[in-house]
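Just follow the structure's listing: the first ligand is 1, and inside any ligand the first atom is 1.
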Amino acid sequence: MININKFVRKNIKKLIPYQSARRIGGVGKIWLNANESPFRNNKNLFCKNLNRYPDQEYHMLLDKYSRYANVLPENILATRGSDEAIELIIKAFCNPGKDKIMFFPPTYDMYKIYADILCIKISTVLQLKNFQLNINSIKKKYSSVKIIFICNPNNPTGNTILSQDIIDILEFFKKKCLVVIDEAYIDFCLQETSIMLLNRFSNLIILRTLSKAFGLASIRCGFLISNERIINIINKIIAPYPLGTPILNIALDALTKSNISVIKNNIFNLIENKNFLITKLKKHKFIKKIYPSKTNFILIKFFSSKDVFNLLSQFGIITRDQNFKIFLKNCIRISIGTYEECLNLVNILKKIEK
Ligand SMILES: *Cc1c(COP(=O)(O)O)cnc(C)c1O
């Protein structure tokens, strides 16, 4: 038998893989742990020509998304989820064992995980207590850093990053680093996008996805948006035909005018549900703090996140415990579901008081 443990690269052997919601699992009927949309779309899409590699549809998709995002199609590349885009950027620009990426905990885990996989070093600057960027430390700590990842709005805290800070970072690192703004949740607050900064800063890359507001987490479709020179470099290393025709057709359908208005309505709905949830929960003594959120999830600090998490899961409601993350002791991240799901959550949490 081959000794596969000796065979594998050391860093992969040591690697703790991303604890995705599916990997963590759980049993229940209300899923509020992965920031997915609760609205199902029932379209049955028929695909022809599955014997051919996809071609036209890919370019049609870039065209359609470019109109949604207000950029040119030349500025976009579609990827297997924005997760793949994170990997491609690190792969294209960082030399293993030498270059670093920088990010700002508490934030999305995949920046670190891809860096670990690719043997890229890490430099972190903790966020300030209000979850904004510590600009002064960032400006001091950038040696060997090639790529800076800013998650805006940030996951798992739910806040947006001050736009003057984003501009400050882009300006300071203009000739020094690439700045990636991960806009996975931007559709919930589109006015906060950094898209219009693309013309001003040649070091800016923006990531988008259909997984959250568009309710298409299962098709794995994300977008990398930047200037043409950067797009061309990433295009050199992406797998041939990254997205299959069924995926492309579903994504194309998601970006029609009529579907975008459905999505806008869903977003409006989720924001109402979020406000309902916040109003209902605010009064309760077992909650220490509800953090302001611009997204489809809220971060809540309890007195004991473990007890709340267990109670909820007893009743079949799956949430995401953040207790182990820096600054997030006793915090749980809860995705906003349908009105009924929110009501259910409120009613179960009431039991704690008794
Ligand atoms: C969900 C998420 C992603 C990944 O999205 P996919 O497009 O499904 O790969 C990227 N960044 C953040 C911050 C996320 O929360």
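Side-chain contact of Y185 with N154: a donor-acceptor pair under 3.5 Å is absent, judged by distance alone. Remark: the D83 side chain and the Y108 side chain contain an N/O donor-acceptor pair separated by less than 3.5 Å. A donor and an acceptor atom, one from each side chain of N33 and T319, are nowhere located under 3.5 Å apart. For the residue pair E183 / T193, a side-chain donor-acceptor distance below 3.5 Å is found, with atom types taken as modelled. No side-chain N or O of S202 forms a donor-acceptor pair with one of N227 less than 3.5 Å apart.
The shortest separation from a heavy atom of D182 to ligand 1 is under 4.0 Å, placing the residue in contact. The shortest separation from a heavy atom of G222 to ligand 1 is not under 4.0 Å, leaving the residue out of contact.
Of the protein's heavy atoms, S82 OG, 3.2 Å lies nearest to atom 5 (O) of ligand 1. For atom 2 (C) of ligand 1, the closest non-hydrogen atom on the protein side is K212 NZ, 2.5 Å.
Of all the heavy atoms of R80, none lies under 4.0 Å from any atom of ligand 1, so neither backbone nor side chain is involved. The side chain of R220, and not its backbone, has at least one atom closer than 4.0 Å to an atom of ligand 1 (non-hydrogen atoms only; side chain from C-beta on). For C151, every heavy-atom contact with ligand 1 shorter than 4.0 Å involves the side chain, none the backbone.
Considering only non-hydrogen atoms, atom 15 (O) of ligand 1 lies nearest to Y185 out of F149, Y111, Y185, Y108. Around atom 7 (O) of ligand 1, the closest heavy atom drawn from T295, T209, L216 belongs to T209.
A side chain to side chain contact (heavy atoms under 4.5 Å, CB included) with N203 is found for one member of I230, V179, I148 and no other, namely V179.
Here is the list of ligand 1 atoms found below 4.0 Å of a heavy atom in D83: 4 (C), 9 (O). Residue G81 approaches ligand 1 through these ligand atoms, each under 4.0 Å from one of its heavy atoms: 6 (P), 7 (O), 9 (O). Against a heavy-atom cut-off of under 4.0 Å, S211 is close to the following atoms of ligand 1: 6 (P), 7 (O), 8 (O).
A salt bridge is absent between D253 and K64; no separation between the charged side-chain nitrogens and carboxylate oxygens falls under 4.0 Å.
If you look at Y142 and F173, their ring centroids are closer than 6.0 Å.
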